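Structure first, then comments.
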Amino acid sequence: ALRGSLAPESMKRSQSLNHQLSPQASYKVAILGANGGIGQPLSLLIKMSPLVSALHLYDIANVKGVAADLSHCNTPSQVLDFTGPAEMGNSLKGVNVVVIPAGVPRKPGMTRDDLFNINAGIVKTLVEAVADNCPDAFIQIISNPVNSTVPIAAEVLKKKGVYNPKKLFGVTTLDVVRANTFVAQKKNLKLIDVDVPVIGGHAGITILPLLSKTKPSVSFTDQEVEELTVRIQNAGTEVVEAKAGAGSATLSMAYAAARFVESSLRALDGDGDVYECSFIDSDLTDLPFFASRVKLGKNGVEEVISSDFHGLTEYEQKGLEALKPELKASIEKGITFANKQS
Ligand code: NAI
């Protein structure tokens, strides 16, 4: 099952010790942009979760076929389809988790910020509907540029009077997944054991892997640190270039988002030992939003893990200072957009 295959080893151990599966699936998940390159495989992976009772698939087109296809899988969740703005509200009623991979992806030569003009408006419209129909849900934003779309979502929710900073997440799990993979390859470690926290944001140099905090503890030469950091920061572009115009990461992104959704569902279900990195409303630095490790609970972010910040290497400290101006500008761009368009 998904639960077993996506959870890192540390999580699995804690599950078997102090957490029992609910007797039956009980959570409802909505995917907005479900017909897309990410949306389709993500829907499939979530359809495999034993914790999900209903999967609501929303897109502006062609989602009926995806839903019909998935509905034949003999896993517990019921699959419902919703097409276009007229059905958007109904896709959100009663859901516990909303995942948003709607919007255009990058092509070679583009930065994530180049997507802003199209995706900012899409995220704003979708989050307005979330605020009106399921303000209590966990909201998980995949649409790029995450560094700006999460602040946009926060402003929309504030305007609607329903902002809960503990339940709004920018999905940065793919950065962690990539860091774990690349570190395990480079150091010949058993992949399932490796866990690297990645902090900051989700674009270029704002992605800062804390290699010194890798678990299990492992030492790197300065050259390895430089190579791994740069590769993790540019991994999205590696995929964009390999796809040569056909889009950006979709399958690894779906895998990463499914892990984040599954972690959220386990937290909602009472597992007291769930940790993930995410880009959230945060007091950890002087920036209003920042990605770090967080403990997830029934009410969303239960604790921001500040201990990862203790004893950073000089390289990491420099990276942290270097990313702040860019991340600050992206956050402000999102806030300005959300407030201009009201
Ligand atoms: P895609 O173009 O294959 O799919 C996007 C889907 O969104 C399409 O089905 C489209 O119909 C739908 N859509 C467009 N406007 C919509 C609206 N107003 N309401 C509902 N659905 C709408 O794109 P792909 O590859 O799935 O990427 C989606 C987004 O995810 C992009 O913004 C991309 O940059 C981002 N992304 C984020 C990553 C992360 O780590 N957070 C990693 C990879 C991609």
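Both ligands and their constituent atoms are indexed starting at 1 by order of listing. Hydrogens, waters and symmetry mates play no part in the numbers below; they use all other heavy atoms, side chains included. For reference, positions follow the sequence shown, starting with 1. Everything numeric here is computed off the predicted structure, so don't read it as measured data.
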- Query: Any idea which of Ala102, Gly103, Gly33 brings a heavy atom closest to atom 5 (C) of ligand 1?
  - Reply: Gly103
- Item | Side-chain donor or acceptor of Ser148 paired with backbone N/O of Ser330 under 3.5 Å | yes
- Stepwise, does the side chain to side chain donor-acceptor pair (under 3.5 Å) test hold for Thr250 with Lys243? CA-CA 11 Å; Thr250 54; Lys243 291 198 176 179; 3.1 Å; yes
- Query: Just going by heavy-atom distances, which of Ile142, Thr250, Thr149 is nearest to atom 41 (N) of ligand 1?
  - Reply: Ile142
- Using the side chain to side chain donor-acceptor pair (under 3.5 Å) rule, take Thr173 and Glu276 through it: C-alpha gap first, then chi angles, then the decisive distance, then the call. CA-CA 7 Å; Thr173 325; Glu276 288 287 357; 4.9 Å; no
- If you measure only the distance, is there a donor-acceptor pair under 3.5 Å linking the side chains of Tyr58 and Asp81? no
- Task: Using a 4.0 Å heavy-atom threshold (strictly under), name the region of Asn119 that reaches ligand 1: side chain, backbone, both or neither.
- Result: side chain
- Task: Please report which non-hydrogen protein atom sits nearest to atom 29 (C) of ligand 1, along with the residue it belongs to and the distance in Å to one decimal place.
- Result: Pro101 O, 3.7 Å
- Task: Please confirm whether Thr125 comes under 4.0 Å of ligand 1, counting heavy atoms of the residue only.
- Result: no
- Decide whether Lys159 and Asn339 meet the rule of one side-chain donor and one side-chain acceptor closer than 3.5 Å. yes
- Item | Contact check: Ala249 vs ligand 1, nitrogen or oxygen atoms, below 3.5 angstrom | no
- Hey, is the main chain of Val194 close enough, under 3.5 Å, to the side chain of Asn180 for a donor-acceptor pair? yes
- Query: Among all protein non-hydrogen atoms, which one is nearest to atom 6 (C) of ligand 1, and what is the separation to 0.1 Å?
  - Reply: Gly36 CA, 3.8 Å
- From atom 2 (O) of ligand 1, work out which of Pro105, Ala129, Ser248 has a heavy atom at the shortest distance. Pro105
- Task: Would you mind running through ligand 1 and noting each atom that sits below 4.0 Å from a heavy atom of Val146?
- Result: 41 (N)
- So the atoms of ligand 1 within less than 4.0 Å of a heavy atom of Leu115 turn out to be 34 (O)
- Task: Please report which non-hydrogen protein atom sits nearest to atom 1 (P) of ligand 1, along with the residue it belongs to and the distance in Å to one decimal place.
- Result: Gly37 N, 3.8 Å
- For atom 12 (C) of ligand 1, what's the nearest protein heavy atom and its distance? Asp59 OD1, 3.3 Å
- Could you tell me the residue and atom name of the protein heavy atom closest to atom 20 (C) of ligand 1, and the distance to it rounded to 0.1 Å? Tyr58 CE2, 3.5 Å
- Write out the residue and atom name of the closest protein heavy atom to atom 44 (C) of ligand 1, then the distance separating them to 0.1 Å. Ile38 CD1, 3.4 Å
- Query: Is there a donor-acceptor pair under 3.5 Å between the side chain of Lys47 and the backbone N or O of Ser77?
  - Reply: yes
- Ser143 heavy atom under 4.0 Å from ligand 1: yes
- Message: Within the 3.5 Å criterion, strictly below it, is a donor on Asn96 or Lys28 matched to an acceptor on the partner's side chain?
- Response: no
- Around atom 38 (C) of ligand 1, find the nearest protein heavy atom and jot down its residue, atom name and distance. Met253 SD, 3.4 Å
- Query: Taking NZ, NE, NH1 and NH2 as the nitrogens, is one of them in Glu155 or Lys158 under 4.0 Å from a carboxylate oxygen of the other?
  - Reply: yes
- Query: Any sub-3.5 Å donor-acceptor pair from Glu316's side-chain atoms to Leu312's backbone N or O?
  - Reply: no
- Looking only at protein heavy atoms, which one is nearest to atom 36 (N) of ligand 1, and how far off is it? Asn144 ND2, 3.3 Å
- What do you reckon, are the aromatic ring centroids of His202 and Phe279 less than 6.0 Å apart? no
- ligand 1 versus Asn62, non-hydrogen atoms closer than 4.0 Å: side chain, backbone, both, neither? neither
- Note on the structure: If we number the atoms of ligand 1 from 1 as shown, the ones under 4.0 Å from a heavy atom of Leu126 are 19 (N)
- Message: Pairing donors with acceptors under 3.5 angstrom, does anything connect the side chains of Glu226 and Tyr315?
- Response: yes
- Message: Can you tell me which portion of His202 lies within the under-4.0 Å heavy-atom range of ligand 1? Options are side chain, backbone, both, or neither.
- Response: side chain
